[in-house]
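Below is one structure, written out as structure tokens, with a few remarks after it.
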Amino acid sequence: MAERELKRRSATTTREEAEVEEAPAAAEKAEKLKAEMDELLDEIDEVLEDNAEEFVRNYVQKGGQ
Amino acid sequence: MAIPKVCGIETEYGIQLVGPGDANPITASSVLINAYLAEVKRRVGWDFEDESPGRDARGFAREGSMAPVVETHLVNAVLTNGARYYVDHAHPEYSAPECANALDAVKWDRAGETILVRSMVAAASSLPPTQRIVVYKNNSDGKGNSYGCHENYLMDRSVPFARIVAGITPHFVTRQLYAGAGKVGTELPGGTDAPVHFQLSQRADFFEEEVGLETTLKRPIVNTRDEPHADTKKYRRFHVIVGDANLSEVATFLKVGTTSLVLAMIEDDFGGGRDLTLANPVKAIREISWDPTLSTAVELADGSKMTGLEIQWELLDRAHRYADAAGLEALGGAGSDLLARWESTLSALETDPMSLKHQLDWVAKLSLLDAYRERDGIAWDNPKMSALDLQYHDLRPERSLFARLGMEKLVDRQDVEDAVLEPPRNTRAYFRGKCLQRWAGSITAANWDSLVFDLGSDPLRRVPMMEPLRGTAEVVDKLLDGCSTPAELVARLGS
């Protein structure tokens with residue numbers, strides 16, 4: 001039990017320290033992540049069902065278990 | 001000592017006939033499954049016709065035989081990987097073979113998805129070009145209709161059911177923190193007091209009772225179905241209906257692994273630590289699902305409050321103590337990986353849930369929805385939110401959003417490919433699958449706990465398989481290699 005608590009706390013601390021020490025790097029990383037996400041959304045746009053409203057409305061299932 | 005937690009996942013898939021014509025989901029499901037069976041026959045040469053229930057009536061009247069697995073006219077096949085593939089409640093359902101651990105459960109669940117994808121391709125060639133059948137691995141149509149993804153675990157019959165209910169309920173209420181598949185909005189009849197834009201679980205809205213036998217209405221958190229498909233004196237098949245269908249392999253692994261472990265602890269009556277009995281499990285399962293910030297505390301029977309994460313940490317602590325005291329043999333080799341993954345997942349949920357966007361379904365989905373809301377400046381009630389939610393679960397590789405999100409994989413692709421046709425090697429599913437590969441034409445009925453052979457002479461011969469861990473590769477390979485006909489096999493087994 002005590003050991004568990006320790007692990008949980010250390011996980012939190014590590015993360016906070018990392019944030020403090022690497023603030024500029026973190027900003028850069030966030031920008032990179034955003035660019036990657038934009039790229040992903042562009043890719044997903046290509047495969048999305050054309051009419052969201054109609055697509056959602058037409059999906060009707062019989063109840064099961 | 002807890003008995004091995006043999007387990008298996010059964011999934012009812014959502015099905016949609018797109019295009020003009022009869023949109024009857026039962027017909028569509030039949031077309032889908034029959035197209036797959038015909039394709040397997042063409043490619044591999046295995047003929048499942050003899051499992052079609054039309055022939056089974058013959059079995060009733062004969063000595064030494066038993067009722068076939070179903071009595072309806074609907075499609076019902078047992079596959080060479082030991083799974084059942086059939087039409088149930090207007091959905092195609094894949095019941096994976098019995099697996100010896102959570103990682104195998106992931107593999108044969110994935111194999112099921114592959115089978116559904118191939119079924120869609122096969123069905124396309126038998127439909128007019130304007131029609132297509134599309135399959136979704138989810139649990140709700142967003143309009144109040146739900147369909148299930150059930151789990152099954154082997155339990156010692158001597159464990160009092162009340163102890164199972166008491167021990168497993170806090171886990172079932174809180175495991176959605178990692179096993180939830182995520183959902184836009186809520187389908188609670190009558191709505192909610194505060195708006196729910198996004199929730200952890202597909203299924204939480206649909207549970208109305210704590211314990212019961214129902215599966216299609218007034219669904220209970222703990223289901224009491226008592227149908228062991230094994231030696232009824234020794235075993236219980238604990239049937240779980242409260243879960244979501246996961247696409248994420250990590251989520252499936254955690255869902256099945258943690259549940260196996262908590263059940264093993266219950267079986268060994270391993271307690272200690274805090275009493276986690278909830279004041280109102282039905283209320284709690286919804287409250288936790290409706291809060292993706294994970295900060296909601298639910299009420300315990302003793303009047304105190306705990307968050308879902310606190311309850312999960314308590315269960316994990318107990319599991320560590322159990323592992324030290326009793327070992328994790330019951331988890332079939334997946335125990336240490338499971339403990340490590342459980343702990344790292346809870347840590348991440350506590351510090352930064354969104355860091356699990358490549359691991360958990362609900363986080364992946366929420367992350368995608370947030371990105372769209374930000375980029376397009378749209379609100380939660382924009383139809384695009386529900387459309388993204390739905391399309392996340394589309395199984396077609398060319399449409400699946402899940403497939404585009406770079407999710408972590410736990411099982412090798414080739415292993416999944418093999419699992420489409422091959423049974424697990426370390427449960428009785430091996431005997432079932434291997435007999436079907438060799439002699440499908442002589443098997444008139446394949447059930448979970450028996451095979452019925454037609455040897456061309458009276459009576460039909462039934463081979464019981466009442467022990468889920470007997471009939472593994474180690475024994476069966478030697479046995480089958482020494483038999484050139486099913487008659488020889490039956491003779492050997494009878495002697």
Side-chain angles (χ1 to χ4, degrees), chain A, chain B residues 10 12 14-16 18 23 25-26 88-91 93 136 139-148 150 215-217 219 241 273 313 316-317 320-321 343-344 346-348 350-352 367-368 371-372 374-376 382-391 394 398-401 404-406:
Chain A
M1 186 81 186
E3 197 185 330
R4 287 277 84 62
E5 292 294 335
L6 270 179
K7 279 192 186 173
R8 290 172 61 184
R9 223 170 286 135
S10 72
T12 318
T13 319
T14 313
R15 187 171 161 269
E16 278 163 6
E17 279 167 3
E19 273 177 11
V20 173
E21 282 168 18
E22 297 164 18
E28 204 170 287
K29 199 181 165 203
E31 212 158 284
K32 186 166 166 277
L33 282 177
K34 189 174 180 310
E36 278 172 12
M37 188 51 112
D38 286 345
E39 204 173 307
L40 176 65
L41 296 197
D42 289 344
E43 189 197 318
I44 287 176
D45 283 340
E46 298 290 314
V47 301
L48 281 187
E49 297 285 347
D50 293 334
N51 185 330
E53 201 167 354
E54 194 179 291
F55 169 55
V56 170
R57 189 174 57 236
N58 287 343
Y59 186 76
V60 180
Q61 297 291 298
K62 281 240 164 66
Q65 296 211 28
Chain B
E10 33 180 301
E12 288 180 336
I15 184 165
Q16 180 88 331
V18 182
I26 298 177
D88 194 28
H89 294 272
H91 298 271
E93 175 157 345
Y136 297 83
N139 304 101
S140 146
D141 66 357
K143 299 165 187 70
N145 301 308
S146 184
Y147 32 100
H150 298 176
T215 55
T216 57
L217 46 102
R219 294 181 182 89
I241 70 167
W313 279 116
L316 177 62
D317 281 335
H320 274 288
R321 279 184 278 114
E343 178 158 343
S344 67
L346 294 188
S347 286
E350 193 161 73
T351 52
D352 181 12
S367 163
L368 179 68
Y372 264 95
E374 191 181 327
R375 191 197 68 176
D376 297 355
N382 188 297
K384 198 165 189 174
M385 292 291 101
S386 298
L388 287 161
D389 180 353
L390 180 54
Q391 202 175 330
D394 190 328
E398 69 276 17
R399 289 285 182 171
S400 164
L401 301 190
R404 287 171 167 72
L405 298 179

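Throughout, a chain's letter reflects where its sequence line sits, starting with A, and its residues are numbered from 1.
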Could you walk me through whether A/N58 and B/Q16 pass the side chain to side chain contact (heavy atoms under 4.5 Å, CB included) check? CA-CA 9 Å; A/N58 287 343; B/Q16 180 88 331; 3.9 Å; yes

Contact part of [X] toward chain A, heavy-atom cut-off under 4.5 Å: side chain, backbone, both or neither?
X      : result
B/R404 : both
B/D394 : side chain
B/E374 : side chain
B/I241 : neither
B/K143 : side chain
B/D88  : side chain
B/A90  : side chain
B/S367 : both
B/L346 : neither

Does some side-chain heavy atom of [Y] sit less than 4.5 Å from a side-chain heavy atom of [X]?
X      : Y     : answer
A/K62  : B/I26 : no
B/Q391 : A/I44 : no
B/R399 : A/E49 : yes

Can you name the nearest heavy-atom pair linking [X] to [Y], along with the distance?
X      : Y      : answer
B/A387 : A/A52  : CB-CB, 3.7 Å
A/L48  : B/Y372 : CD1-OH, 3.8 Å
A/Q65  : B/E12  : N-OE1, 2.9 Å

Parallel, tilted or perpendicular: which fits the ring planes of B/Y136 and A/Y59, with parallel below 30° and perpendicular above 60°? perpendicular

Please identify, among [options], the residue contributing the most non-hydrogen atom pairs under 4.5 Å to chain A.
options                : answer
B/E93, B/K384, B/R375  : B/R375
B/L401, B/L217, B/N382 : B/L401
B/N145, B/T216, B/L390 : B/L390

Is the count of non-hydrogen atoms from other residues, nucleotides or ligands lying under 6.0 Å from A/D50 atom CG greater than 12?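 Open.
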
Side chain, backbone, both or neither: which part of A/D45 has a non-hydrogen atom closer than 4.5 Å to chain B? both

With a strict 4.5 Å heavy-atom criterion, list every residue of residues 29-40 of chain A that contacts chain B, or say none. A/K34, A/M37, A/L40

B/D141 CG to A/Q61 CD distance, which is reported to the nearest 0.5 Å: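 Here the rounded value is 6.0 Å.
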
